[in-house]
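Scroll down for the structure; my scribbles are underneath it.
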Amino acid sequence: MADLRVKQPKGVKLDHISKIYKDPKTGKDFYAVHDVDLTIEPGTFVTLLGPSGCGKTTTLRMIAGFESPDEGEIYLGGEPINALTPNKRDTAMVFQSYALFPHYNVFDNVAYGLRLRKVDKEEIKRRVTDILALVELSGMEQRMTNQLSGGQQQRVALARALVVEPGVLLFDEPLSNLDAKLRVQMRTEIRRIQQALGITAIYVTHDQSEAMSISDNIILMKGGVIAQMGSPTEIYYRPNSEFVADFIGECNFLKGPISDVSMGEACVNVGGVDVPVATDKSVRVGDPGEIVLRPEAIAIADTGLLPCKVELSCFMGSYQNYHVRVGDTLVKITDNCPINKKIFHVGDNAYISFDKNCAHLL
């Protein structure tokens, strides 16, 4: 197969961009996106993540050119592109609805953009053949799109976007119409293809597990602004707020005053027990403290750090799922590989413990 790596992936810079809409009920203006300032490096896979209405799709549409920023400038490969129409931008979009032409076969759907660009017939054949091989649809060139499964249609949509060799590939919730198993398969394929091509990709989703599995960096949005940016590991283990911690996976919060501070560590008094947690934050004794704990970071045993009472004990195969009460706080525990461990039952008294380096102080 020919070398399909992108010759020059492009970076994207959003320079304090905002989008203002008018509320149809009140008639008042509001910021759908407010002062978003970020740089996406060439060749990286970045996901815009967040709940409905957070501004992620509006941000993507401004990059694509379907919406215009009311404030700020967008740069693609160092070039300002606010004034460029979508077809003049070096981007390609993969839509949620696939947007395939039902009266075209697979080959003609993929070749459509190249024909618009007046590419030579032999070059079209070569590029379409190569890109169909990359998305594992070789031999299906003559199939009509209504003869394809949902996953195959998504691959055609992906091939059609890739074949024009854009500097940046944009994805607008492309897997939301697929069933759960196929979503997992297709997100793995999208990541494989992005890495094989070395292309810059910007992906919109509200599915946090999808974002975690495919991204180099995640931009988590809330209410039109960026709540946190970072790698999946940073966002998961070092959230900067309750919203971020709670949105990315399951989370527990233990609260109490800061009772002691030393180099690289602080103690939070939880129900009369000083609980140590590693931190590089500047905190003082008496400040309110809040520990973020992931369910898989907690151990349950007959002895430990904090006393608890078991309210739910459920065997899930690869793990035992517990809900325990620590004082007034409900704590969720994922106890992995429980076969050789003591199983606690509803009503049992027990203790929870965790490594101070596996906790995070907000």
Side-chain angles (χ1 to χ4, degrees), residues 12 19 32-33 40 45-50 52-68 74 76 81 84-117 128 131-132 134-137 140 143-180 182-194 197 199-207 210-211 214-215 219 221:
V12 177
K19 183 65 184 177
V33 174
I40 296 168
F45 198 120
V46 173
T47 297
L48 297 168
L49 175 68
S52 296
C54 71
K56 59 188 185 296
T57 298
T58 301
T59 301
L60 188 80
R61 289 176 63 82
M62 285 192 284
I63 296 169
F66 301 130
E67 302 275 0
S68 298
I74 301 172
L76 185 63
I81 60 170
L84 298 181
T85 56
N87 62 314
K88 298 295 184 185
R89 302 185 182 199
D90 190 12
T91 61
M93 177 87 89
V94 181
F95 294 94
Q96 178 180 345
S97 61
Y98 315 146
L100 300 177
F101 299 114
H103 53 291
Y104 285 0
N105 62 23
V106 168
F107 185 96
D108 290 337
N109 262 284
V110 176
Y112 181 78
L114 297 176
R115 288 177 176 145
L116 280 182
R117 289 164 173 79
V128 172
I131 212 72
L132 286 177
L134 185 70
V135 300
E136 299 178 350
L137 287 177
M140 295 193 178
R143 290 263 191 101
M144 302 304 288
T145 55
N146 62 5
Q147 298 173 317
L148 303 177
S149 67
Q152 288 170 331
Q153 289 183 43
Q154 187 60 80
R155 288 171 191 268
V156 174
L158 181 58
R160 185 179 59 187
L162 288 167
V163 79
V164 298
E165 298 177 353
V168 178
L169 187 59
L170 308 173
F171 294 91
D172 183 14
E173 304 212 35
L175 307 182
S176 56
N177 290 334
L178 303 178
D179 64 57
L182 195 52
R183 283 181 73 134
V184 173
Q185 181 186 338
M186 277 304 302
R187 76 191 189 199
T188 304
E189 281 297 289
I190 286 172
R191 180 58 161 157
R192 175 185 68 81
I193 290 164
Q194 181 268 333
L197 293 174
I199 196 170
T200 307
I202 305 174
Y203 191 100
V204 161
T205 184
H206 60 271
D207 185 325
E210 198 166 284
I214 59 177
S215 308
I219 298 159
M221 298 185 70

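Keep in mind the model is a prediction, meaning the values are calculated, not measured.
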Under 3.5 Å: donor-acceptor pair, side chain of [X], backbone of [Y]:
{"X": "Arg143", "Y": "Asn105", "answer": "no"}
{"X": "Asp172", "Y": "Phe95", "answer": "no"}
{"X": "Arg89", "Y": "Ile63", "answer": "yes"}

Sequence neighbours left out, what passes salt bridge (Lys or Arg N to Asp or Glu O under 4.0 Å) with [X]? Give chain and number order.
{"X": "Arg61", "result": "Glu67"}
{"X": "Arg155", "result": "Glu136, Glu189"}
{"X": "Arg191", "result": "Asp216"}

Should [X] and [Y] count as side-chain neighbours, where that means a heavy-atom distance under 4.5 Å?
{"X": "Leu169", "Y": "Ile202", "value": "no"}
{"X": "Ile131", "Y": "Val110", "value": "yes"}
{"X": "Pro174", "Y": "Val94", "value": "yes"}
{"X": "Val128", "Y": "Leu114", "value": "yes"}
{"X": "Leu132", "Y": "Met140", "value": "no"}
{"X": "Met93", "Y": "Leu60", "value": "yes"}

If you round to the nearest 0.5 Å, how far is CD1 of Ile190 from CZ of Phe45?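 The CZ atom of Phe45 sits 6.5 Å away from the CD1 atom of Ile190.
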Salt-bridge present (Arg183, Asp207; N to O < 4.0 Å):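 Yes.
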For Tyr112, which residues count as a ring-ring contact (aromatic ring centres under 6.0 Å, His included) partner, sequence neighbours excluded?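 So Tyr112 forms a ring-ring contact (aromatic ring centres under 6.0 Å, His included) with Phe101.
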For Asp179, side chain to side chain contact (heavy atoms under 4.5 Å, CB included) partners two or more places apart: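 Side chain to side chain contact (heavy atoms under 4.5 Å, CB included) check on Asp179 returns Lys181, Leu182.
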By side chain to side chain donor-acceptor pair (under 3.5 Å), which residues pair with [X], not counting sequence neighbours?
{"X": "Gln96", "result": "Ser176"}
{"X": "Ser52", "result": "none"}
{"X": "Thr205", "result": "Glu210"}
{"X": "Ser215", "result": "Thr47"}

So the salt bridge (charged side-chain N to carboxylate O under 4.0 Å, His left out) pairs with at least one residue in residues 92-113 (sequence neighbours excluded) are Asp108-Arg115
Filter on salt bridge (charged side-chain N to carboxylate O under 4.0 Å, His left out), then keep only pairs touching residues 90-107, sequence neighbours left out; what's left?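 Output for this query lists Lys10-Asp90.
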Give me each pair satisfying ring-ring contact (aromatic ring centres under 6.0 Å, His included) with a member in residues 152-174, each pair once, sequence neighbours excluded. Phe171-Tyr203
Given the rule in the side-chain contact (heavy atoms from CB on, under 4.5 Å) test, do Leu49 and Lys56 qualify, once you have shown the distances and angles that lead to the verdict? CA-CA 7 Å; Leu49 175 68; Lys56 59 188 185 296; 5.7 Å; no
